[in-house]
Number of protein chains: 2
Amino acid sequence: MAVPDPLPSAQRRGRPRSAAADRAILAATRAALVEIGWSRLTMGEIAQRAGVAKTTLYRRWAAKSELVIDAVAVLFDELRLPDRGCLRADVEGVVLSFAALLRRPEAKTALMAVLAESTTDEALRPRIREAIVDRQKRLVLDGRARAQQRGELPPDPADPAETARVVDLIFDVIAGAVVHRSLVSDCPVDESWARLFTTLLLEGLGAVSPPPAPGGAAAGAAAPDGTEPTGGGR
Amino acid sequence: MAVPDPLPSAQRRGRPRSAAADRAILAATRAALVEIGWSRLTMGEIAQRAGVAKTTLYRRWAAKSELVIDAVAVLFDELRLPDRGCLRADVEGVVLSFAALLRRPEAKTALMAVLAESTTDEALRPRIREAIVDRQKRLVLDGRARAQQRGELPPDPADPAETARVVDLIFDVIAGAVVHRSLVSDCPVDESWARLFTTLLLEGLGAVSPPPAPGGAAAGAAAPDGTEPTGGGR
DNA sequence: GTCATTCCGCTACGAGTCGTAGCGTAACTT
DNA sequence: AAGTTACGCTACGACTCGTAGCGGAATGAC
């Protein structure tokens, strides 16, 4: 999947590629990313840490960015969305677990670096989609289906294109807000922020606008003065 | 502002730094970013295009990333938020104009590249904040104040910290969604998307959930089948 | 004017990285 | 066995890095 695959793995003759070398290279890439960052990360350094020859790297990956994508893709596979009982709790949960992933140095460094490369490398973009973006989008689909089963959201409409537009929008809003808060604004994504963000997502701008004074305008756990952790789920 | 400033500009003797060279260097940096991208951008290339010596660059900027920040900061100054008459139209407007900025190759390439660098370079983050992030955040403050004057949003509450939390949240949601849609999902931010996003932001998840069938649940221009451009303002 | 100071353009340098080529050897298929 | 492919190793030219040293130009202080 990751590797160029000189022949489509069918009818392969000769010595096969070492799977152990693959694992060592990807692990060494993650470790090196944590310690020295993207800009000082070199192919020679990775090869040395992995205990393989530099030429072996170039036989499998055409560029540093492609190698790094494969190295961190597994991290985005670890994302899970356990059922927390209601839509609000599920959203807060996915926000916090995605933020936890972005706190890992190798994840955030690799993500931003390959995105930067992709702005000038057309071929890199589909690769990022498959390895990283799509692995997060499934969480939105899962959480949405679950909320529909609970009756918290209406079932899919007749037009599947309209459904896709809304799912894409929700995905961009959640992932974008967490990434921007974490990596651009450089502020912590904690339970307090996750609660406020979820209120905005579910109920709109009016629900988070300051006046906590008037009675029961906002529904449920939206009270900005609330001190209890999650309000509903966990 | 940008330059290390060997002496605090007070009591400067000797030959002053050439402002023309500064302009030429920053312009050359932007042009080179468009043509060859971040990874192949070298200090020697910039110096050659600007018609200055490479040593002149190193006398003023310690690293490529700092130079690029200063080169693109002016682009983020061009963002404006004209009064479109109502909050909904103002939000759609700022979404579209920010998306237009991110369509410029030098802006998106530079933004993502310096953000990637900042994940491993502590000193770079405040610099990005001043030069780029804060110049967008003022738009949120402007639009919010305008909406309060119109009576679309309640006035600021007693606790200014609560106001700051909400403003930061709105900023991260808008900027994050646009950046994620444009540069990560790699999909166009057009009027249709801006309208849908604004509905979500103002009214919450229920307003964009598919069923357009039942009568008048969603308010105003939220109808997903709407074909008219902006719905309200201009 | 003269002096001190600071910036500029130029050249040169060692160090490091890049991506590739060539070799002999190891591992697997038929 | 023979054929094929991957591996580790070494070496290479090309490029970029960031710095140092030089002579000359532009300013402020006197």
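The shown structure was predicted, so the numbers you read here are calculated from the model rather than taken from an experiment. Order of the sequence lines fixes the chain letters, A, B, ..., with proteins taken first and strands second; residue numbering starts at 1 for each chain.
Take Leu183(A) and apply the side chain to side chain contact (heavy atoms under 4.5 Å, CB included) test, not counting sequence neighbours, and it matches Lys108(A), Met112(A), Val179(A). Among residues two or more places apart in sequence or in another chain, the side chain to side chain contact (heavy atoms under 4.5 Å, CB included) test is passed with Val95(A) by Val91(A), Ile174(A), Val178(A), Val189(A), Trp193(A), Ala194(A), Phe197(A). Listed by chain and residue number, Ala24(B), Ile25(B), Ala28(B), Val52(B) satisfy the side chain to side chain contact (heavy atoms under 4.5 Å, CB included) test with Ala50(B) (two or more places apart in sequence, or in another chain). Partners of Asp168(A) according to the salt bridge (Lys or Arg N to Asp or Glu O under 4.0 Å) rule, which considers only residues two or more places apart in sequence or in another chain, are Lys137(A). For Ala100(B), the side chain to side chain contact (heavy atoms under 4.5 Å, CB included) test picks out Arg103(B), with sequence neighbours left out.
Taking only distance into account, the side chain of Lys54(B) never meets the base of dG9(C) through a donor-acceptor pair shorter than 3.5 Å.
Remark: C1' of dC7(C) and CD1 of Ile25(B) are 12 Å apart, rounded to the nearest angstrom. Here dT20(C) presents its C1' atom at 14 Å from CG of Leu57(A), a figure rounded to the nearest Å. For the pair Leu67(B) CG and dG18(D) C1', the interatomic distance rounds to 15 Å; values are reported in whole Å. Taking atom CZ of Arg17(A) as the reference point, atom P of dG8(D) lies 12 Å away to the nearest angstrom. Rounded to a whole Å, the CD atom of Glu66(A) is 11 Å from the P atom of dG19(C). Note: OH (Tyr58(A)) to C1' (dA6(D)) measures 18 Å, nearest angstrom.
Contacts with DNA chain D (heavy atom under 4.0 Å) in residues 40-47 of chain B: Thr42(B), Met43(B), Gly44(B), listed by number.
With respect to Glu130(B) and Arg127(B), no salt bridge is recorded, no charged nitrogen being found less than 4.0 Å from a carboxylate O.
For residues 28-42 of chain A, every residue pair satisfying the side chain to side chain donor-acceptor pair (under 3.5 Å) rule, not counting sequence neighbours, is listed here: Glu35(A)-Arg49(A). Sorted by first and then second residue, the pairs that involve residues 165-185 of chain B and meet ring pair (Phe, Tyr, Trp, His ring centres under 6.0 Å), not counting sequence neighbours, are Phe171(A)-His180(B), His180(A)-Phe171(B).
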Listing time: all N or O pairs from protein to nucleotides 20-27 of chain D that are below 3.5 Å?
| residue | atom | partner | partner atom | Å |
| --- | --- | --- | --- | --- |
| dA25(D) | N3 | Arg15(B) | NH1 | 3.3 |

